[in-house]
Protein chains: 2
Amino acid sequence: MMDHTDVPNTADLPHPACEDLILTQVLFALSDPARLDIVRQLDSGPLEMAQCCLSDPTMPKSTKSHLMKVLREAGVIRNVAKGRGRLLSLRRDDLDARFPGLLASILKVAPEA
Amino acid sequence: MMDHTDVPNTADLPHPACEDLILTQVLFALSDPARLDIVRQLDSGPLEMAQCCLSDPTMPKSTKSHLMKVLREAGVIRNVAKGRGRLLSLRRDDLDARFPGLLASILKVAPEA
DNA sequence: TATTTTGTTCGAACTTTTTCGAACCAATCC
DNA sequence: GGATTGGTTCGAAAAAGTTCGAACAAAATA
């Protein structure tokens, strides 16, 4: 039973505003190979979380969720509910607005091996 | 007394070659505010270590040395003996060669506060 | 040569991150 | 409604990074 005091069911996770993005936090988020890999995947376009990180299917979901959290809280990706899963996308516009050229210079570097 | 088996006195610290620079390591080195500050200072040109980090004169020298070590091992700065001290410089050419545009995009971001 | 200046290295304490199972939650499907 | 799918959160343990004093080293200088 839901009464009027109940908050609407928001499975919405907090995302920092564009102007609140902090360079060192973004750099830190991108400084982990697994996280950088995720960003490279999202470079091609939004991806459902279940379709992400298929390279390592043994990764526990809590670990995966944590990687996404670091990227989201730094403002690198957006993570919104979609159906019964989650849609991930790169916050390219916000990153470009706040740190022009940064994302492009990183994404054009060839992955190690 | 020094015989022929003695290694020459190299106060030379190891620096990774340009082609061995690893993006995630560089990003990590730059993801710390104190380290990023150092890089910003070196943007104006080489600096003697004693003249660096004057903003916080209370910083223990071992701490300062550690910051430099992380930057050096990532390939961000060069640290060579000079007189009785050390000369620090940005490895701009190597960084530009390996990660075109990266350093410029980072250095043009205004420091927080 | 002794002293001072400048900085590296080591080791230990401390802090931050990462990892991952367990519990939980929402949406879908039967 | 019950089971399934997909994902977040919590808590604890492990791993990684930071801090800083003490010990050491090399160059300059007296």
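Per chain, numbering begins at 1; letters A, B, ... match sequence-line order. No hydrogens, no waters, no symmetry mates; every other heavy atom, side chains included, goes into these values.
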Task: Protein proximity profile, nucleotides 2-7 of chain C - base contact B, sugar-phosphate-only contact S, no contact -, cut-off 4.0 Å on heavy atoms - done: ---BSB

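- Among all heavy-atom pairs drawn from B/Leu95 and B/Val76, the shortest one is CD1-O, 3.9 Å.
- Closest of all the heavy-atom pairs between A/Ser105 and A/Val109 is O-CG2, 3.3 Å.
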Task: Verdict with supporting geometry, B/Leu23 and A/Leu30, side chain to side chain contact (heavy atoms under 4.5 Å, CB included) - done: CA-CA 9 Å; B/Leu23 179 58; A/Leu30 297 174; over 6 Å; no

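- Scanning all heavy atoms of the two residues, the minimum distance from B/Val26 to B/Ala74 falls at CG2-O, 3.5 Å.
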Got a list of protein N/O to nucleotides 17-19 of chain C N/O distances below 3.5 Å?
unit_1: C/dT18; atom_1: OP1; unit_2: A/Arg35; atom_2: NH1; d: 3.0
unit_1: C/dT18; atom_1: OP1; unit_2: A/Arg35; atom_2: NH2; d: 3.2

Task: Annotated protein contacts, base or backbone, on nucleotides 11-16 of chain C with a non-hydrogen cut-off under 4.0 Å, one of B, S, - each - done: ------

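- At least one donor-acceptor pair under 3.5 Å links the side chain of B/Ser31 to the backbone N or O of B/Phe28.
- Here the closest heavy-atom approach between residue B/Arg91 and residue B/Gly75 is recorded as CD-O, 3.3 Å.
- Under the salt bridge (Lys or Arg N to Asp or Glu O under 4.0 Å) criterion, A/Asp37 pairs with A/Arg40, sequence neighbours left out.
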Task: Residue pair B/Lys64, B/Met49: steps toward the side chain to side chain contact (heavy atoms under 4.5 Å, CB included) verdict - done: CA-CA 9 Å; B/Lys64 192 168 164 180; B/Met49 187 158 166; 4.0 Å; yes

TODO: Just do the side chain to side chain contact (heavy atoms under 4.5 Å, CB included) check on B/Gln41 and B/Leu88 with the steps written out, would you?
DONE: CA-CA 10 Å; B/Gln41 292 181 46; B/Leu88 305 176; over 6 Å; no

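- Other members of the cluster containing A/Val70 do not exist, because no ILVMFWY side chain is joined to it at under 4.5 Å.
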- [ ] Begin from the C-alpha positions of B/Leu103 and B/Leu90 and carry the test side chain to side chain contact (heavy atoms under 4.5 Å, CB included) through to its verdict.
- [x] CA-CA 10 Å; B/Leu103 190 60; B/Leu90 204 46; 4.0 Å; yes

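- Under a 4.0 Å N-O distance rule, the pair A/Asp43/A/Arg92 qualifies as a salt bridge.
- Under the 3.5 Å distance criterion, the side-chain polar atoms of A/Arg72 are left unmatched by any main-chain donor or acceptor of A/His15.
- Across the protein-nucleic acid pair, B/Asp56 atom CG and D/dT19 atom P stand 11 Å apart, rounded to whole Å.
- As rounded to whole Å, 12 Å separates atom C1' of D/dG6 from atom CE of A/Met68.
- Atom CD1 in A/Ile38 sits roughly 14 Å away from atom C1' in D/dG7 (whole-Å rounding).
- Taking atom CE of residue B/Met59 and atom C1' of nucleotide D/dT19, one finds them 11 Å apart after rounding to whole Å.
- In this entry the distance linking NE2 of B/His15 with P of C/dT8 reads 10 Å, nearest Å.
- Relative to the axis of its first five pairs, the axis of the last five pairs of the helix from C/dT1-D/dA30 to C/dC30-D/dG1 sits at 10°, rounded to 10 degrees.
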